[in-house]
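Here the structure is laid out as structure tokens; the discussion comes afterwards.
By convention in this document, chain letters (A, B, ...) are assigned in the order of the sequence lines, proteins followed by strands, and residues within each chain are numbered from 1.
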2 protein chains.
Amino acid sequence: MVTIKDVARVAEVSISTVSRVVRKQGKVGDACRAKVQKVIDELGYRPNINAQALVNKKSNSLGVVIPKVSMPFFGTLACGAEEAAIEKNYRVLISNAQGSEQAELDAIDSLVQHHCNAIVFHSQHCSDETLVTLAEKISGLVFINRFIAEIPHRCIWLDNNLGAQKAGSFLLEKGHTNFAVITRKDSNPDSLLRLEGIHTALNNANIQLDNSMIEYGATADMEGGKEAVSALFKKDKKFTALLVYNDNMAIGAVHELNARGIRVPEDISVIGFDDMLISVACIPQLTTMHYPVREMAQFATNLAIELSTNPEPNGRTHLFMPHLIERDSVANFCAK
Amino acid sequence: MVTIKDVARVAEVSISTVSRVVRKQGKVGDACRAKVQKVIDELGYRPNINAQALVNKKSNSLGVVIPKVSMPFFGTLACGAEEAAIEKNYRVLISNAQGSEQAELDAIDSLVQHHCNAIVFHSQHCSDETLVTLAEKISGLVFINRFIAEIPHRCIWLDNNLGAQKAGSFLLEKGHTNFAVITRKDSNPDSLLRLEGIHTALNNANIQLDNSMIEYGATADMEGGKEAVSALFKKDKKFTALLVYNDNMAIGAVHELNARGIRVPEDISVIGFDDMLISVACIPQLTTMHYPVREMAQFATNLAIELSTNPEPNGRTHLFMPHLIERDSVANFCAK
DNA sequence: CTGTTAGCGCGTTCAG
DNA sequence: CTGAACGCGCTAACAG
């Protein structure tokens, strides 16, 4: 590995001069600069980032802590972060942390040890208090898909309530009046908010959503969706429109409906949430609420970097809006 | 940030002693060790990784260069790498590099600059020669989903040919005799190998695959699949079994078939390749060849780390086998 | 405009 | 068994 010393020696200048031309700052004579640049190119010199980080006390690297990159939602999140990071000449360090608060904390810890000045964190297991404490210690730490009232300017989140309202309204517009809802059993903030949104939309239309019309899947995946549909039918519930917590569950629901000889959307309309890639694989393709993760991750990245260098706590929060993607799983209600 | 100096001062020992207890090597008196450890815990001291990297000339970080983390295949790859890396106490640096050789080279370059000693590289645009040159310069560089004859021990790849053969044989066993094939237009090594495998399987059964039964999609995604099916029908081709380059295209094909009122698998059986998550979202769920990316990425990671510390060029290559996942898109052939 | 010096945090001799 | 001193590659004062 060729170092700054090597180029200084070959170019017959001091290392500070080399440093100046590398960082393109400070005054260097044109002839001298050209000479040094030439040697740099010839030798293929690249500054050692670790050494730079050491002296600068910052590493120009962004940490991303997510449950699992292999899940498309988080993969997209990571991708958005990477895109924004590259723009700012930052590198991306990915840390999967799943299952426990400790795992998440360890991931953050290791990132801090790397002197990541900016971190985008998607927490699933930390309490608000823990996160607030963390935020105090790490100025470039930002939370995505989460809202914490104490530190709103550190949060990039989605209006889940509004999204669910929009979904409900859409179904209403399509003439539906008999609704069922599928959500996840382990009520996380998102699912609660989405449920609220649905209630709001239906209440506005003077429609009651009986609790018996809400069914829960043990897991927020296809299995959970299937399971919940089965439960609904076991209770012999009738409905023409089904609002589902997310696309995975929605697709599971469509599968189960299909297996029971029920056509989507002719017999029952289904609407999902997230707009993951998978939702176009289903037949019919899923009508769903688009979750702009990529854009949110980009925003979060820029914010984290900004905050890491200039921790001015403006009180503003960063709220994104989901919007409807109309595909083929919702039809107009028509009485038989 | 608390440094080694701080703990040395507080513990009233020298920094070398602290260093010894941190790295758990060298002789330190029990009492002294306990005292130092106590201070470390109290102060929450963590060694500065950048400083360590600087002096050790290695950073214990693994670079992963892939086209795009948001694509499930690569997300899974990254995830496998992360899992293996964490085991070895390595951090993972992700670099998306898509579209051109230059982008890929830049990504590698930046990783080298970070003194990543181990790199897992999924190249799409570099020639074998370029990669061989790179491999010479970087001892911990390993190629995934690629075979290069000159450096077989650096390659972790899949037997695409065999996979396609298995797919063909399976369809044959199911009684099919009329085949069509959909592949990607930009013939990459994978697609060529898979095509070969199909030919082999069919030839073994004394079945000719006319070139007119092979159709190409411009892109290796759902669109490409739809497009290819349309082309096949435009040529008025008859077949009962369809072998598709990958799952995305296969799902596109199923969609197009459906749109034309053709049932899968009753009228036409479809088989994919890769076994991505998406393949279970489709109705019917896709029968496909499983591509063990995650395991391969884990293996690649271990290999890269091993090679980076001990570059002994054993001539062995690292070949993985795909296997059949039987789901619902293939049925027995039955004459009407 | 350019070179010299000091030091970032840590690991590694080498004396003691 | 422990500590002092040096240097990793680089940047940031400070001189000249």
Side-chain angles (χ1 to χ4, degrees), chain A residues 1-40 43-61 89 91 110-117 309, chain B residues 1-37 39-40 43-61 89 91 109-117 309:
Chain A
M1 196 86 281
V2 24
T3 77
I4 199 172
K5 253 186 206 164
D6 298 321
V7 348
R9 186 165 30 74
V10 175
E12 297 173 308
V13 295
S14 76
I15 56 172
S16 7
T17 301
V18 178
S19 178
R20 286 187 193 101
V21 349
V22 168
R23 288 174 301 120
K24 302 183 199 309
Q25 57 171 256
K27 300 289 160 206
V28 183
D30 284 343
C32 182
R33 149 164 293 117
K35 181 176 59 176
V36 172
Q37 188 58 55
K38 185 156 165 290
V39 175
I40 289 178
L43 267 48
Y45 164 71
R46 328 263 26 212
N48 180 328
I49 298 211
N50 295 119
Q52 284 183 325
L54 183 57
V55 46
N56 291 331
K57 293 178 181 305
K58 53 173 284 200
S59 72
N60 267 38
S61 56
N89 229 305
R91 302 293 147 223
S110 120
L111 256 17
V112 169
Q113 202 176 148
H114 269 268
H115 286 225
C116 274
N117 27 326
T309 58
Chain B
M1 195 86 284
V2 26
T3 77
I4 199 171
K5 253 185 207 166
D6 298 322
V7 348
R9 186 167 28 75
V10 175
E12 298 174 309
V13 295
S14 74
I15 56 170
S16 8
T17 301
V18 179
S19 177
R20 287 188 192 99
V21 349
V22 169
R23 287 174 303 120
K24 304 184 198 306
Q25 58 172 258
K27 301 288 158 206
V28 184
D30 284 343
C32 181
R33 147 165 294 117
K35 181 178 57 175
V36 172
Q37 188 59 55
V39 176
I40 288 178
L43 266 47
Y45 165 71
R46 329 268 17 217
N48 180 327
I49 298 214
N50 295 121
Q52 282 184 326
L54 184 58
V55 46
N56 291 330
K57 293 178 181 307
K58 52 172 286 199
S59 70
N60 266 35
S61 57
N89 229 305
R91 303 292 147 222
D109 203 57
S110 119
L111 255 18
V112 170
Q113 203 176 146
H114 268 269
H115 286 223
C116 273
N117 28 326
T309 57

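Among residues two or more places apart in sequence or in another chain, the side chain to side chain donor-acceptor pair (under 3.5 Å) test is passed with Gln113(B) by none. Applying the salt bridge (Lys or Arg N to Asp or Glu O under 4.0 Å) criterion to Lys38(A), with sequence neighbours excluded, gives Glu42(A). Residues meeting the side-chain contact (heavy atoms from CB on, under 4.5 Å) test with Val2(A), sequence neighbours left out: Asp6(A), Val7(A), Leu43(A), Tyr45(A). Considering only residues two or more places apart in sequence or on other chains, Arg33(A) meets the salt bridge (Lys or Arg N to Asp or Glu O under 4.0 Å) condition with none of them. The side chain to side chain donor-acceptor pair (under 3.5 Å) test applied to Asn50(A) returns no partner, not counting sequence neighbours. Partners of Asp109(B) according to the side chain to side chain donor-acceptor pair (under 3.5 Å) rule, which considers only residues two or more places apart in sequence or in another chain, are Arg46(A).
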Read 5' to 3' with Watson-Crick or G-U pairs under 3.5 Å, [ ] for crossing pairs and | for partners on another strand, DNA chain C gives ||||||||||||||||
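How far CZ of Arg91(B) is from OG of Ser61(A): 12.5 Å, rounded to the nearest 0.5 Å. Rounding to the nearest 0.5 Å gives a distance of 9.0 Å between SG of Cys32(A) and CZ of Arg20(A). A distance of 13.5 Å separates CD1 of Ile49(B) from CG of Leu54(B), quoted to the nearest 0.5 Å. Atom NZ in Lys57(B) sits 13.0 Å away from atom CG in Asn117(B) (nearest 0.5 Å).
Interface limits on DNA chain C: the 5'-most and 3'-most nucleotides within less than 4.0 Å of chain A heavy atoms are dC1(C) to dG9(C). Nucleotides of DNA chain D that come within less than 4.0 Å of any heavy atom of chain A span, from the 5' end to the 3' end, dC8(D) to dA13(D).
Heavy atoms of Asn56(B) sit under 4.0 angstrom from primed sugar atoms or phosphate atoms, though from no base atom. Thr17(B) comes within 4.0 angstrom of the backbone, heavy atoms only, and of no base.
Within the 4.5 Å cutoff, the side chain of His114(B) has no heavy atoms near those of the Ser59(B) side chain. By the 4.5 Å heavy-atom criterion applied to side chains, Thr309(B) and Lys58(B) are counted as neighbours.
Scanning residues 3-15 of chain B for heavy-atom distances under 4.0 Å to DNA chain C yields Thr3(B), Ile4(B), Lys5(B), Ile15(B). For the contact set between residues 20-31 of chain A and DNA chain C, defined by any heavy atom under 4.0 Å, the members are Arg20(A), Lys27(A), Val28(A), Gly29(A).
For the pair Ala51(A) and Cys32(B), nearest-nucleotide mapping onto DNA chain D gives the more 5' position to Cys32(B).
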Which donor-acceptor pairs under 3.5 Å do side chains of residues 10-19 of chain B form with protein atoms, sequence neighbours excluded?
from, atom 1, to, atom 2, distance (Å)
Ser14(B), OG, Ser16(B), N, 3.4
Ser14(B), OG, Ser16(B), OG, 3.2
Ser14(B), OG, Thr17(B), N, 3.4
Ser14(B), OG, Thr17(B), OG1, 3.3
Ser19(B), OG, Arg23(B), NE, 3.1
Ser19(B), OG, Arg23(B), NH2, 3.0

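Of the listed residues (Ile40(A), Thr3(A), Val22(A)), just one forms a side-chain contact (heavy atoms from CB on, under 4.5 Å) with Pro47(A), and that residue is Val22(A).
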Decide yes or no on side-chain contact (heavy atoms from CB on, under 4.5 Å) for Met1(B) and His115(A), but give the supporting numbers first.
-> CA-CA 9 Å; Met1(B) 195 86 284; His115(A) 286 225; 3.7 Å; yes
